[in-house]
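Below you'll find the structure, written out as structure tokens, and then a few comments.
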2 protein chains.
Amino acid sequence: MVMEEKKISSAVIRRLPRYYRYLGELIESGVQRISSKELSARMKVTASQIRQDLNNFGGFGQQGYGYNVQYLYEEIGKILGIDRNHNMVIIGAGNLGKAIVNYSDFEKRGFVIKGIFDNNPKIKGTKIRGIEVRMMNELTDFIKDNEIEIVALTIPKEAARQIAKVVADAGVKAIWNFAHTDLNLPDDVIVENVHLSESLMRLSYTIANRK
Amino acid sequence: MVMEEKKISSAVIRRLPRYYRYLGELIESGVQRISSKELSARMKVTASQIRQDLNNFGGFGQQGYGYNVQYLYEEIGKILGIDRNHNMVIIGAGNLGKAIVNYSDFEKRGFVIKGIFDNNPKIKGTKIRGIEVRMMNELTDFIKDNEIEIVALTIPKEAARQIAKVVADAGVKAIWNFAHTDLNLPDDVIVENVHLSESLMRLSYTIANRK
DNA sequence: TAGATTGTTAATCGATTAACAATC
DNA sequence: TAGATTGTTAATCGATTAACAATC
């Protein structure tokens with residue numbers, strides 16, 4: 001019997017990491033159980049939405065009680081795939097690349113930075129948080145040898161479009177794209193975009209159009 | 001007679017900067033006119049959506065012809081509020097703050113970085129792209145004296161929550177928040193979040209759950 | 001047991017897509 | 001004029017909210 005997988009909407013997926021973050025903070029402050037109503041007040045969403053969202057993945061709560069914070073936190077972690085490690089490389093050792101390398105929380109969540117790549121020979125062999133900076137000609141072999149799943153692109157858009165193809169061919173599963181361009185790649189390569197200039201323009205729109 | 005302003009949905013606003021980016025690239029490649037059909041093919045959205053989105057703001061096209069690329073680009077720029085300058089300060093002179101300061105495209109779009117603030121006395125008075133690093137005690141006066149509209153927060157979450165209140169009181173219009181927390185501020189302060197860890201978790205979700 | 005709160009169905013609301021008359 | 005393509009209304013689709021029976 002073939003399981004008919006219910007398709008989870010991207011609206012739900014967008015909210016999951018936020019639930020995870022709030023649950024993490026609840027754990028830190030020693031809260032052990034929470035109702036959808038109380039969580040909804042903190043997060044400024046409806047309790048109904050929380051229950052609907054969670055029930056896409058199964059019933060994690062208990063009638064009359066609410067949700068066990070620790071348990072729900074772990075379950076959402078599993079759903080998000082951060083219950084295991086993901087090997088990652090950063091391409092572009094500029095400020096943005098360095099910022100990602102130095103942000104230790106990613107590693108805590110299982111995103112292990114195995115290498116940093118740049119095209120500037122002057123910084124070849126230098127280290128950022130103990131991780132060696134390598135040149136681009138090593139990239140394809142490095143991806144294969146180190147089972148790299150994720151590539152973060154913090155380089156200009158023209159280079160990003162070109163390198164994206166290279167790393168897709170090398171077999172990475174996903175690209176975390178900070179370049180100000182869309183990447184046209186085969187469907188089996190996941191692309192998650194962080195378009196900072198678009199974010200800033202949305203902010204500007206809101207300034208310009210608020211009552 | 002009071003104008004009944006039609007509320008623009010956030011889904012539309014999210015797409016506007018992307019239209020703007022594509023139109024900019026069309027201008028660079030010398031394209032002078034484009035139909036919604038052709039643009040839809042490039043952007044991988046429906047032509048119907050493009051026409052609906054644009055018609056929230058007025059009729060920019062011409063039947064039988066399509067849209068004048070330059071004109072539409074400028075009109076969307078006006079809608080996004082980037083037809084004028086916005087003074088900005090960056091709080092946090094770490095790698096992420098530096099990345100923003102050094103990314104010259106923001107300035108090209110009218111986001112003028114007037115100051116950089118940090119709490120590390122060792123870098124007081126140093127310059128990043130010619131802009132002086134100042135200490136936090138100068139912040140409130142600086143915001144008022146320089147008509148700062150936007151504050152980018154690239155500092156840890158605890159500091160971000162505290163400084164957000166300070167700059168809101170100082171009268172900034174909007175906060176571009178890179179800290180891994182939500183900011184609870186009065187409704188008249190606009191907050192645009194860039195939660196990198198949430199972006200990375202969505203990517204991880206997609207890896208874990210793809211067919 | 002009584003009260004609380006979930007899981008889930010139904011109702012509503014909003015966004016996207018389709019269709020086509022208007023018109024350049 | 002004939003062809004192309006917009007602007008806009010109508011139809012569809014999907015997401016959010018409300019309601020409530022199930023149950024801890």
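Note that these values count all heavy atoms, side chains included, but never hydrogens, waters or copies made by symmetry.
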task = Look at the side-chain N and O atoms of Ser36(A) and state whether any lies under 4.0 Å from the OP1 or OP2 oxygen of dT5(C).
result = no
query = Which stems does DNA chain C form, counting runs of 3 or more consecutive Watson-Crick or G-U wobble pairs with both distances under 3.5 Å?
reply = C:3-24 with D:3-24
Separation of atom CD1 in Ile50(A) from atom P in dA15(D), rounded to whole Å = 18 Å
Whole-Å gap separating C1' (dG14(C)) and CD1 (Ile8(B)) = 14 Å
query = Mind checking what makes salt bridge (Lys or Arg N to Asp or Glu O under 4.0 Å) contact with Lys173(A), not counting sequence neighbours?
reply = Glu149(A)
query = Between Tyr67(A) and dA4(C), does any side-chain N or O lie under 4.0 Å from OP1 or OP2?
reply = no
Presence of salt bridge, Glu192(B) and Arg202(A), under 4.0 angstrom = yes
key: Interatomic distance where NZ belongs to Lys7(B) and P belongs to dA15(C) [whole Å]   = 10 Å
ask   = Can you check whether Trp176(B) and Phe106(B) have ring centres sitting under 6.0 Å from each other?
value = yes
Anything under 3.5 Å between a protein N or O and an N or O of nucleotides 16-21 of chain C, put it in a table, one pair a line.
{"residue": "dT16(C)", "atom": "OP1", "partner": "Arg15(B)", "partner atom": "NH1", "Å": "3.0"}
{"residue": "dT16(C)", "atom": "OP2", "partner": "Arg15(B)", "partner atom": "NH2", "Å": "3.0"}
{"residue": "dT16(C)", "atom": "O5'", "partner": "Gln49(B)", "partner atom": "NE2", "Å": "3.3"}
{"residue": "dT17(C)", "atom": "OP2", "partner": "Thr46(B)", "partner atom": "OG1", "Å": "3.0"}
{"residue": "dT17(C)", "atom": "O4", "partner": "Gln52(B)", "partner atom": "NE2", "Å": "2.5"}
{"residue": "dA18(C)", "atom": "N7", "partner": "Ser48(B)", "partner atom": "OG", "Å": "2.7"}
{"residue": "dA18(C)", "atom": "N6", "partner": "Ser48(B)", "partner atom": "OG", "Å": "3.4"}
{"residue": "dA19(C)", "atom": "N6", "partner": "Arg51(B)", "partner atom": "NH2", "Å": "3.1"}

message = Under the side-chain hydrogen bond (donor to acceptor under 3.5 Å, both in side chains) definition, can you give me all pairs with a residue in residues 157-170 of chain B, not counting sequence neighbours?
response = Arg161(B)-Thr181(B)
ask   = Going by heavy atoms in the side chains, are Leu139(A) and Ile163(A) under 4.5 Å from each other?
value = yes
ask   = Is there any side-chain hydrogen bond (donor to acceptor under 3.5 Å, both in side chains) pair reaching into residues 96-112 of chain A, and which pairs are they, with sequence neighbours excluded?
value = Asn102(A)-Asn95(B), Tyr103(A)-Asp105(A), Tyr103(A)-His180(B), Asp105(A)-Lys108(A), Glu107(A)-Arg129(A)
query = In whole angstrom, what separates Leu54(A)'s CG from dT5(C)'s C1'?
reply = 13 Å
Summary of side-chain hydrogen bond (donor to acceptor under 3.5 Å, both in side chains) pairs that have at least one residue in residues 29-38 of chain A, sequence neighbours excluded = Ser36(A)-Arg51(A)
ask   = Between Phe142(B) and Phe117(B), is the gap from one ring center to the other below 6.0 Å?
value = yes
